[in-house]
Number of protein chains: 2
Amino acid sequence: MGGVREEKKRQTKKAILDAAITLFGTRGYAETSIEQLAKAAGIGKGTIYSYFQTKSEIFLAFCEEELEFLHTEIGQQADTKKPLLETLVDIFMANFQYVTRNRDFGRVYLRELIFPTELTVKRSKEMDDRFIMFFIPFFEEAQKRGELRRDLELLFAIGHFYSLYILTLSGWYSGRLLEEEDVLMFLRMLFKQALSGLAPVPSPSQQLPISHEN
Amino acid sequence: MGGVREEKKRQTKKAILDAAITLFGTRGYAETSIEQLAKAAGIGKGTIYSYFQTKSEIFLAFCEEELEFLHTEIGQQADTKKPLLETLVDIFMANFQYVTRNRDFGRVYLRELIFPTELTVKRSKEMDDRFIMFFIPFFEEAQKRGELRRDLELLFAIGHFYSLYILTLSGWYSGRLLEEEDVLMFLRMLFKQALSGLAPVPSPSQQLPISHEN
DNA sequence: TACAAAAAATGACTGCGGTCAACTTTTCAC
DNA sequence: GTGAAAAGTTGACCGCAGTCATTTTTTGTA
């Protein structure tokens, strides 16, 4: 029979991931060694490296599962009909709370996600893409409702807010934003700024045709 | 005499930094070990750790010097009278070119700067602050010229652009932006978006008082 | 079933970042 | 000048991420 090997590999990978969920979850990232993971998964240390290239890749896989769960949860609660600003603030704040639940986890995750190495680009880009795609329906609806300009590439608009979210996270990690309340206010303020624009509102004569929304 | 000890310490610190400039510069960050740095500086390995807390802190100190030089250079060329958009694109692109001159250097630097650990927050915040302060005159002038809304907290406006710059860097490291030309276009597009706003231009009746600029 | 080739697992090993108890140098009160 | 306390230096040492030559398991073929 042919599928035996594949099946075993699947099981082993699952065992590693389960071990990661347990050990990363209880002890933390830095405090969990590859050898401990291997032991918990019932395999040798070297074997881990035929399933993952680096420790941080295991961590990303771990995060992937957790975030998938979070996103389906958020996705169910969120309403594409609500005003975009509020929706975005809600979603990003939920993410923020999740990501920074454990300070070290969040740092490792963000470093790897935002500035990946050659070994983790693929995985981190996938996660990033999924995160971005998640927003599309909300932006499409907002655009239909006239809350967003119609001449925008949706992905750039999403990227714009995403970028402000990253800045906020940076503010958290650099100690500029200490309380969750600060984070919320900072994020909302930046989002409003993004919507209304940093330049003065042009006088009517300067307005582009696109601005004549119904 | 009292100043002998202080003087010696200054020299040692300088020796470490010089060693860092040489070795990081020629071999690279990951390829340079603390022991090599110590040897090059003519001191023992342990001594390094009474001057810096981590390897990445040495790296930040190294970057600090380099960037200071870069910023004075940019500062001399830049003109506060030019349109804000062009100035910003120029400055950020110069930074981009510098930071990503060496892919690994840039990654380590950015990870530490944007998502610092407890051990490097202080230093990275200082660098961040200096970077932000650098922009103030340009924004003040732009505001006077009416290129920026007057009701904006300058720091938030700067942060806004800074955030888009970080996103661009992330795009570079995740392989979304491959050529420098892509980076330039992406950055300019985001900056324009930030200035004009993501929401449709409000109809005149909805305009806020602040929009009646002379 | 027998067996060789391919795939997978393994843990001893390497090199590194960071620590620390022992040691050396500097300071300063007398 | 003396001696003891404070400050500074050091490299052996620790634990860990990641490697790789060797061993074990699986597969396909006859």
Side-chain angles (χ1 to χ4, degrees), chain A residues 1-17 19-20 23-24 27-62 104-105 107-109 111-112 116-120 123, chain B residues 1-17 19-20 23-24 27-62 104-105 107-109 111-112 116-120 123:
Chain A
M1 48 194 149
V4 169
R5 186 172 267 170
E6 287 306 310
E7 174 58 22
K8 254 196 164 179
K9 280 176 75 175
R10 258 201 41 248
Q11 280 181 1
T12 304
K13 190 158 196 173
K14 176 89 165 48
I16 297 172
L17 230 47
L23 292 181
F24 284 160
R27 303 194 188 290
Y29 178 75
E31 294 73 21
T32 301
S33 71
I34 296 285
E35 217 155 349
Q36 287 172 330
L37 281 177
K39 192 154 281 178
I43 58 175
K45 178 177 178 179
T47 308
I48 296 241
Y49 285 93
S50 54
Y51 290 86
F52 298 94
Q53 289 185 277
T54 61
K55 191 185 178 187
S56 48
E57 198 190 343
I58 304 175
F59 187 67
L60 277 190
F62 159 78
D104 292 334
F105 275 13
R107 192 187 299 107
V108 177
Y109 168 71
R111 284 181 170 197
E112 214 61 51
T117 64
E118 264 69 33
L119 293 173
T120 44
R123 200 172 212 108
Chain B
M1 44 191 152
V4 170
R5 186 172 269 171
E6 287 305 311
E7 175 57 22
K8 256 196 164 178
K9 281 175 75 176
R10 258 200 42 249
Q11 281 182 0
T12 304
K13 191 158 196 172
K14 176 89 165 49
I16 296 173
L17 230 47
L23 292 181
F24 284 159
R27 302 192 189 290
Y29 178 75
E31 294 73 21
T32 302
S33 71
I34 297 285
E35 217 155 352
Q36 286 172 330
L37 281 177
K39 192 153 281 178
I43 58 176
K45 178 178 177 177
T47 309
I48 296 240
Y49 286 94
S50 55
Y51 290 86
F52 297 93
Q53 289 186 276
T54 61
K55 191 186 178 188
S56 47
E57 197 190 345
I58 304 176
F59 186 67
L60 277 190
F62 159 78
D104 291 334
F105 275 14
R107 191 186 302 108
V108 177
Y109 168 69
R111 284 181 170 196
E112 214 61 51
T117 64
E118 263 71 33
L119 293 172
T120 44
R123 200 172 212 110

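Reminder, nothing fancy here: chain letters follow the sequence lines and each chain counts from 1.
- With sequence neighbours left out, the side-chain hydrogen bond (donor to acceptor under 3.5 Å, both in side chains) criterion links T117(A) to T120(A).
- Between the NZ atom of K39(A) and the P atom of dA9(C) there is a distance of 18 Å, given to the nearest Å.
- The distance from atom CG of L119(B) to atom C1' of dG17(C) is 12 Å, rounded to the nearest whole Å.
- Taking a 4.0 Å limit (strictly below) on heavy-atom distances, residues 43-56 of chain A reaches DNA chain D at K45(A), Y49(A), T54(A), K55(A).
- Protein atom CG of L37(B) is 11 Å distant from nucleotide atom P of dG18(C), rounded to whole Å.
- A search for salt bridge (charged side-chain N to carboxylate O under 4.0 Å, His left out) contacts involving K13(B) returns nothing, not counting sequence neighbours.
- Side-chain nitrogen and oxygen atoms of K8(B) include at least one within less than 4.0 Å of the OP1 or OP2 phosphate oxygen of dT26(C).
- Summarising the geometry, the separation between NZ on K9(A) and P on dT26(D) is reported as 14 Å, rounded to the nearest angstrom.
- For the pair F59(A) CZ and dA17(D) C1', the interatomic distance rounds to 16 Å; values are reported in whole Å.
- The separation between Q11(A) atom CD and dA8(C) atom P is 15 Å, rounded to whole Å.
- Remark: nothing in residues 29-36 of chain A comes within less than 4.0 Å of DNA chain C through any heavy atom.
- Side chains of D104(A) and Y29(A) form no contact here, defined as non-hydrogen atoms less than 4.5 Å apart.
- Look at CZ on R10(A): it is 21 Å from P on dA7(C), rounded to the nearest Å.
- Considering only residues two or more places apart in sequence or on other chains, F62(A) meets the ring pair (Phe, Tyr, Trp, His ring centres under 6.0 Å) condition with F24(A), F59(A), F105(A).
- Taking the side chain to side chain contact (heavy atoms under 4.5 Å, CB included) definition, one finds that Q53(A) meets it with E57(A), L119(A), sequence neighbours left out.
- Taking every heavy atom of both residues into account, K55(B) and T32(B) meet most closely at NZ-O, 2.8 Å.
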In a table with atom names and distances, give each donor-acceptor pair under 3.5 Å that connects a side chain of residues 33-50 of chain A to protein atoms at least two apart or in another chain.
{"from": "S33(A)", "atom 1": "OG", "to": "Q36(A)", "atom 2": "N", "distance (Å)": "3.1"}
{"from": "Q36(A)", "atom 1": "OE1", "to": "S33(A)", "atom 2": "N", "distance (Å)": "2.9"}
{"from": "S50(A)", "atom 1": "OG", "to": "T47(A)", "atom 2": "O", "distance (Å)": "2.8"}

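- Residues satisfying the salt bridge (charged side-chain N to carboxylate O under 4.0 Å, His left out) criterion with R10(A), sequence neighbours excluded, are E7(A).
- With sequence neighbours left out, E118(B) forms a side chain to side chain contact (heavy atoms under 4.5 Å, CB included) with R103(A), R107(A).
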